Peer 1: 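Quick one: structure below, then a few questions.
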Amino acid sequence: MTEFFLIIGIGMCVLVLLCLYRATYGPTILNRAAGISAIGTKTLIILLLMGVVYDRIDMFIDISMVYALLNFLGTVVLSKYLERSGEA
Amino acid sequence: MIRESDDVIVKAVARLLMPFIVVYALYVVMHGHYSPGGGFQGGVILAASFVLLGVSHGLGKTRRRMSEKVAGVISSIGVLIYGGIGALCLILGGNYLHYGKLSKLLHVTPAEARSLGILGVEIGVALAVMAVMCTVFFAIFTVGESPEDDRSVE
Amino acid sequence: MPVKDIIVILFMLGGLFLFSTATLGLLRLPDFYTRLHATGKGDTLAALWSLIGLAVYHGFSLTSAKIIFIAVFMFLAQPTATHAISRAAFRCGVQPWTCELAVLLDEDTVE
């Protein structure tokens, strides 16, 4: 079963690399913010899959919860700042 | 100055999630022994809850719950707890932060006294880190404004 | 193969498929609002299915309860973040993509 999770993890890493295109070449800042939020969600799932592969998932759950929180917070703060400053 | 946003969705979700973030921060502080966590990480998550409040409800309401003066007092209390436990170990006859000597005071075995000593130190660290992060957040987001700006017509 | 393993494999493959379609939408759709639509909905559901798959893999234990907490948090927080971004774009004046503009430009008329 762990080989299956490893293959899924490699597939998600490829998807992260694809999302990086939008995070670097997006025409405006908000495009990049959306790309970073998508990368954050995939990173969270990759963390949990690595925990299952190394059979120590108890350590990785707290970290992934904190990362979900920080991803949400960063996106909301950035969008509020850009809305206030008036440029896309 | 961040004024209160008129966005119902972000305000409602922030109001709903904030108590759970605080409880999770306390869990991270308490479980520093067994899982990744400890004082610094828990303090940062506590401060993150205040940042969420400040961004969604405006800086005025956040100031009513945690002003700069209260943040200064809490950071000093955190350092007092940390240094106080170390000094208490000095008074009881060991080195600085030698938690085993606390077993005479608390009537437990030296191993349990070490565990409780570390827990107390982590709580002090979490309080200090939270207060300093809140102060930094206030300092960054009110740059260049004075209190007279709030009273202007808007 | 026990039933639990089949359920886990189905959920994880479904999550990977949804992640890939959401990424495809993020790359190829023509406008900011449509891209946000793709990533906001697709990523949330894909994360939910992947987390449920991982929770079923561990059975009834504390680990599964914590994974379900993460899933509930993601279900609440990610659409809110998407809403905040799209509201910022609307307030800053980002215009949605319309189809008539392409047709009109082909015919060399100024609108």
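Within every chain, numbering begins at 1; the chains are lettered A, B, ... in the order of the sequence lines, protein sequences first and strands thereafter. This one's a predicted model, so the numbers in the text were calculated from it and none came from an experiment.
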Peer 1: If you take all heavy atoms of C:L76 and B:V13, which pair is closest and at what distance?
Peer 2: O-CG1, 4.3 Å
Peer 1: Which atoms of B:Y24 are under 4.5 Å from chain C, going by heavy atoms: the side chain, the backbone, both sets, or neither?
Peer 2: neither
Peer 1: Against chain B, label C:F69 side chain, backbone, both or neither, depending on which of its atoms sit under 4.5 Å from a heavy atom there.
Peer 2: neither
Peer 1: Crowded around C:K41 NZ? As in, over 12 foreign heavy atoms under 6.0 Å?
Peer 2: no
Peer 1: I'd like to know whether CZ of B:F40 has more than 12 heavy-atom contacts from other residues, nucleotides or ligands below 6.0 angstrom.
Peer 2: no
Peer 1: With a 6.0 Å cut-off (strictly less than), is the heavy-atom count around NE2 of C:H37, excluding the residue itself, greater than 12?
Peer 2: no
Peer 1: Is the shortest heavy-atom distance from the side chain of C:R87 to the side chain of B:V10 under 4.5 Å?
Peer 2: no
Peer 1: Does B:F20 CZ have over 12 foreign heavy atoms under 6.0 Å away?
Peer 2: no
